[in-house]
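For ligands, and for the atoms within them, numbers begin at 1 and follow the listed sequence. For clarity, every value in this text was computed on a predicted model and none was experimentally measured.
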Amino acid sequence: MSDARALVIFSGGQDSTTCLAWALREYGKGNVDCITFRYGQRHAQEIEAAQKIAADFGIANHRVVSLDGYGQVTDSALLNPGLLIATAEGAACPNTVVDGRNMLFLLMAAIAAKRDGTRDLVTGVCEADSSGYPDCRDAFVTSCNATLNLAMDYTFRIRTPLMALTKAQVWALADELGILDYVAEHTLTCYNGVIGRGCGDCPACALRQRGYDAYKGGLP
Ligand code: ZN
């Protein structure tokens, strides 16, 4: 084990909680920090869930950072309570895309990490089941990593342990890390702000439940 540190971009959802447990295994307790963004998401529960989970995992340095102006420059349904979230099955969910979100998160996280002397950034983006969000793709992450290095003249390493995993495989990883039940009960993925099993109705719940059923059913 080296003395490398990691900063996990942490939302309190299934994916980032699995990433947090992965980072703790990879870097060791005491070498993992978290950063959560308050960017106008519909539900304050998301921040509260993130704070509770980070505390449960013993993270001493968990920053919650405000990005107050975000809602002023995007029309995403995730940031606008007046818009209904589209529930189209399977296809992309265009009105929940928050343009530039992962890039903005990675930039802010990189700035904070550099100040702390940390090089490794961990994010739970996932290409396989990303609903087609462009900034969840590996090509974006690779490009962003190069850009951040140039922007700050510093060598960051963006790590994406979930990139190639299906939602079922993310549940499998949570199980391997010993946190399957914890993730099922305490994380927040639901667009309607319901912790754990969620509302059962929104696209995020549907995706999460499909993955869980597939894992439990032994499917890839
Ligand atoms: Zn839901």
Side-chain angles (χ1 to χ4, degrees), residues 8-21 34 36-57 64 67 70-71 74-102 105 123-136 162-163 165-175 177 179-217 219-220:
V8 178
I9 297 176
F10 188 60
S11 72
Q14 175 193 354
D15 291 346
S16 64
T17 300
T18 304
C19 278
L20 176 56
C34 286
T36 296
F37 297 103
R38 190 190 300 278
Y39 59 97
Q41 51 278 68
R42 292 176 164 221
H43 303 289
Q45 295 98 306
E46 192 175 317
I47 306 291
E48 289 161 21
Q51 285 171 322
K52 180 195 174 336
I53 294 166
D56 285 350
F57 281 78
V64 177
L67 301 172
Y70 209 169
T74 183
D75 287 325
S76 169
L78 282 191
L79 302 190
N80 184 344
L83 291 177
L84 282 177
I85 289 170
T87 52
E89 256 305 296
C93 318
N95 81 341
T96 59
V97 172
V98 187
D99 277 328
R101 178 170 54 174
N102 285 326
F105 285 6
T123 172
V125 297
C126 165
E127 193 165 69
D129 274 338
S130 65
S131 309
Y133 293 176
D135 58 358
C136 291
L162 312 186
M163 181 57 79
L165 304 186
T166 64
K167 286 293 177 194
Q169 289 168 331
V170 175
W171 283 110
L173 177 58
D175 204 3
L177 292 162
I179 58 161
L180 181 72
D181 291 340
Y182 185 93
V183 169
E185 286 164 28
H186 298 288
T187 64
L188 174 60
T189 303
C190 172
Y191 288 151
N192 289 311
V194 182
I195 287 178
R197 299 265 156 196
C199 72
D201 238 8
C202 72
C205 280
L207 188 61
R208 174 170 160 138
Q209 190 62 41
R210 261 202 311 277
Y212 187 82
D213 293 344
Y215 173 59
K216 287 295 186 177
L219 298 170

Item checked: Pair Thr17, Thr187: side-chain N/O donor-acceptor within cut-off below 3.5 Å -> no
Next item on the list: Check the side chains of Tyr133 and Asn102 for a donor-acceptor pair under 3.5 angstrom, ignoring hydrogens and angles.
Entry: no
Checklist line | side chain to side chain contact (heavy atoms under 4.5 Å, CB included) against Asp175, all qualifying residues, sequence neighbours excluded | finding: Leu180, Tyr215
Next item on the list: Report the residues that fulfil ring-ring contact (aromatic ring centres under 6.0 Å, His included) with Phe105, sequence neighbours left out, ordered by chain and then residue number.
Entry: Phe37, Tyr39
Next item on the list: Provide the protein N, O or S atoms situated under 2.8 Å from the Zn ion (ligand 1); waters are not included.
Entry: Cys190 SG, Cys199 SG, Cys202 SG, Cys205 SG
Margin query: Using every non-hydrogen atom in the two residues, find where Asp15 and Lys167 come nearest and quote the distance to one decimal.
Written below: OD2-NZ, 2.5 Å
Next item on the list: Could you tell me which residues satisfy side-chain hydrogen bond (donor to acceptor under 3.5 Å, both in side chains) with Thr123, sequence neighbours excluded, listed by chain and number?
Entry: none
